[in-house]
Amino acid sequence: MLVTQYFAKDLFKGKTVFVTGGGSGINLGVAKNFAALGANVAICGRTQEKLDAAAAELRVFGTKICAVSADVRDSAALEAAFEKSRAELGAMDVLVCGAAGNFLARAEKLSANGFKAVVDIDLIGSFNATRGAFEQLKETRGTILYVSAGMAYMPHAFQVHVGAAKAGIDMMMKNIALEWGQYGIRANSIVPGPIEGTEGMKRLPKQDEFVKAIPLQRMGSVDDIGQVAAFLASPLAAYISGCVVVCDGGQNLLGSALFNMGAEQMLRGQEG
Ligand code: HXC
């Protein structure tokens, strides 16, 4: 259910939100919730057709939308995307660093390049976005939201690359909150739990027992994350900075054992 059920519909009217990786999944869900609350939204990703389809979904809310292709690993392309967004929508008020990559891999079989690919997209990509958005965010006294993962603080099997990247993101978030607070810039991370229908869930194990074991006994929805994002970026959270906000139905309380067993099965299936 979109956040308009709970928040004032003009909460982000006249504000600009930029979402990296906004063409699909959780990030598109976050983008939709901001657009539903009146924000002008820019999204970037690697594939223009995917972005165009996402932009069509976002335009339903009647605000200005900018869809521009840029790989977060390419800081020059990202900076050009930020300039285009600024020219079309005005200076950025909210940056959502959502672009990520993931796959299951045994640490002993993961190549250095495979590890690097995920660190480059998730961690370096989030830094590139953060660094590139600084002047705009300084101007608006804006907010940064990082999309992290439970792998950042709890080891999950076959996720050595993701754990390293996401832990790096959360520490970067805290450094940014510390250094840029003087400019009125807030930074926080959101840790989504298992979210239904996303690319991440296709790449990771999901079993019925896993869902039943979640304290709230259901998968999350992209709107569950969208409403946390809206709250954290809004004046309701004006004094919240440097925090990791976990939105997972209590799933982290279980540890990662069920995930690890499901991942073992899934990998065995892939290995044949
Ligand atoms: C082992 C793999 C692999 C796999 C790729 N590699 N897939 N190794 N198992 N399944 C290795 C390759 O062999 C190569 O190393 C290196 O990674 C780079 O691969 P490329 O395909 O050239 O990289 P690239 O095209 O940049 O693709 C990046 C990617 C890809 C991460 C590998 O999967 C991708 O683009 N994903 C984006 C979409 C995505 O993952 N969405 C899910 C996000 S969910 P060598 O040594 O052979 O050169 C998410 C949530 C995390 O992140 C937390 C969940 C709770």
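The chain is numbered in sequence order, starting from 1.
The main-chain N or O of Thr63 is never found under 3.5 Å from a side-chain atom of Asn40 such that the two would form a donor-acceptor pair. Between the side chain of Asp224 and the main chain of Ser221, a donor-acceptor pair closer than 3.5 Å is present. Side chain of Asn188 to main chain of Ile240: a donor-acceptor pair is present (N/O by atom type, distance under 3.5 Å, no hydrogens or angles). Under the 3.5 Å distance criterion, the side-chain polar atoms of Ser85 are left unmatched by any main-chain donor or acceptor of Ala81. Judged by distance alone, with hydrogens and angles left aside, the side-chain atoms of Asn175 form a donor-acceptor pair with the main-chain N or O of Met171 at under 3.5 Å. The main-chain N or O of Ser69 is found under 3.5 Å from a side-chain atom of Gln48 such that the two form a donor-acceptor pair. Judged purely by atom type and a 3.5 angstrom limit, Asp93 uses its side chain to pair as donor or acceptor with the backbone of Thr16. At distances below 3.5 Å, at least one donor-acceptor pair connects side-chain atoms of Arg186 with backbone N or O atoms of Ala237. Side-chain N or O atoms of Asp71 include none that pairs as donor or acceptor with a backbone N or O of Arg46 at under 3.5 Å. Formation of a donor-acceptor pair under 3.5 Å by the Gln136 side chain with backbone atoms of Phe82 is found in this model.
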Can Asn102 and Glu199 be said to form a side-chain hydrogen bond (donor to acceptor under 3.5 Å, both in side chains), step by step?
CA-CA 9 Å; Asn102 195 9; Glu199 181 64 27; over 6 Å; no

Run the side-chain contact (heavy atoms from CB on, under 4.5 Å) check on Thr20 and Val96 step by step: do they pass?
CA-CA 6 Å; Thr20 72; Val96 180; over 6 Å; no

CA sep, side-chain torsions, deciding dist, call: Phe12, Ser234, side-chain contact (heavy atoms from CB on, under 4.5 Å)
CA-CA 8 Å; Phe12 291 99; Ser234 79; 3.9 Å; yes

Could you give me the CA-CA distance, side-chain angles and deciding distance for Lys13 and Lys15, then say whether side-chain contact (heavy atoms from CB on, under 4.5 Å) is met?
CA-CA 5 Å; Lys13 191 167 181 219; Lys15 303 283 184 193; over 6 Å; no

Kindly determine whether Leu110 and Val160 satisfy side-chain contact (heavy atoms from CB on, under 4.5 Å), including the steps that lead there.
CA-CA 9 Å; Leu110 180 62; Val160 65; 3.7 Å; yes

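Between atom SG of residue Cys44 and atom CG of residue Leu78 there is a gap of 5.5 Å, rounded to the nearest 0.5 Å. Separation of atoms SG (Cys97) and CG (Leu123) is listed at 10.5 Å; rounding is to 0.5 Å. The distance from atom CD1 of Ile124 to atom OG1 of Thr130, rounded to the nearest 0.5 Å, is 11.5 Å. Between Cys247 atom SG and Gln227 atom CD the span is 7.0 Å, to the nearest 0.5 Å. Between the CG atom of Asp248 and the CG atom of Leu216 there is a distance of 8.5 Å, given to the nearest 0.5 Å. A distance of 13.0 Å separates CD1 of Ile144 from CG of Leu232, quoted to the nearest 0.5 Å.
In terms of heavy atoms, Val118 sits closest to Ala165 at O-CB, 4.2 Å. Contact record, Ala213 with Leu258: CB-CD1, 3.6 Å, taken as the closest heavy-atom pair. Taking all atoms of both residues into account, the shortest heavy-atom contact from Arg73 to Ala117 is NH1-O, 4.3 Å. Scanning both residues, Asp122 and Ala100, for their nearest heavy atoms gives OD1-CA, 3.2 Å. When all heavy atoms of Asn33 and Gly226 are compared, the pair lying nearest together is ND2-CA, 3.7 Å. Closest non-hydrogen pair, Thr140 versus Ala91, comes out as CG2-CB, 3.7 Å.
No chain of hydrophobic side-chain contacts below 4.5 Å, direct or via other Ile, Leu, Val, Met, Phe, Trp or Tyr residues, connects Val211 to Val246. One hydrophobic cluster, built from ILVMFWY side chains closer than 4.5 Å, holds both Met154 and Leu104. Linking ILVMFWY residues whenever their side-chain heavy atoms come closer than 4.5 Å, directly or via other members, places Met261 and Val162 in the same cluster. Hydrophobic clustering, with ILVMFWY side chains joined whenever heavy atoms are under 4.5 angstrom apart, groups Phe231 together with Tyr6. The hydrophobic cluster containing Leu137 also contains Met172, counting ILVMFWY residues as joined when their side-chain heavy atoms lie under 4.5 angstrom apart, directly or transitively.
A salt bridge links Glu57 with Lys32; the closest basic N to acidic carboxylate O contact falls under 4.0 Å. In this structure, Arg86 does not pair ionically with Glu79, as no charged nitrogen and carboxylate oxygen lie closer than 4.0 Å.
Looking at Ile190 and Val147, their side chains never come closer than 4.5 Å, going by heavy atoms from C-beta outward. Looking at heavy atoms from C-beta onward, Val222 lies out of side-chain contact with Val30 at the 4.5 angstrom threshold. Proximity of Leu178 to Lys174: side-chain heavy atoms (C-beta onward) are nowhere separated by under 4.5 Å. Annotation: side chain of Tyr146 is in contact with side chain of Ile176 (closest heavy-atom distance under 4.5 Å). Side-chain contact between Phe158 and Phe103: absent, with no pair of heavy atoms (C-beta onward) separated by less than 4.5 Å. Contact check for Arg141 versus Ile185: no side-chain heavy atoms found under the 4.5 Å cut-off. Within the 4.5 Å cutoff, the side chain of Met201 has heavy atoms near those of the Met219 side chain. You'll find the side chain of Ser241 stays beyond 4.5 Å of the side chain of Trp180, heavy atoms only.
Around CZ of Arg106, the count of heavy atoms belonging to other residues, nucleotides or ligands within 6.0 Å exceeds 12.
Inspection of the Ser148 and Tyr153 side chains reveals no N or O donor paired with an N or O acceptor under 3.5 Å. Judged by distance alone, the side chains of Asp170 and Ser189 do bring a donor and an acceptor atom under 3.5 Å apart.
Ring centroid separation for the pair Phe259 and Phe210 does not come in under the 6.0 Å cut-off. Checked against the 6.0 Å centroid criterion, the rings of Tyr183 and Phe134 qualify as a close aromatic pair.
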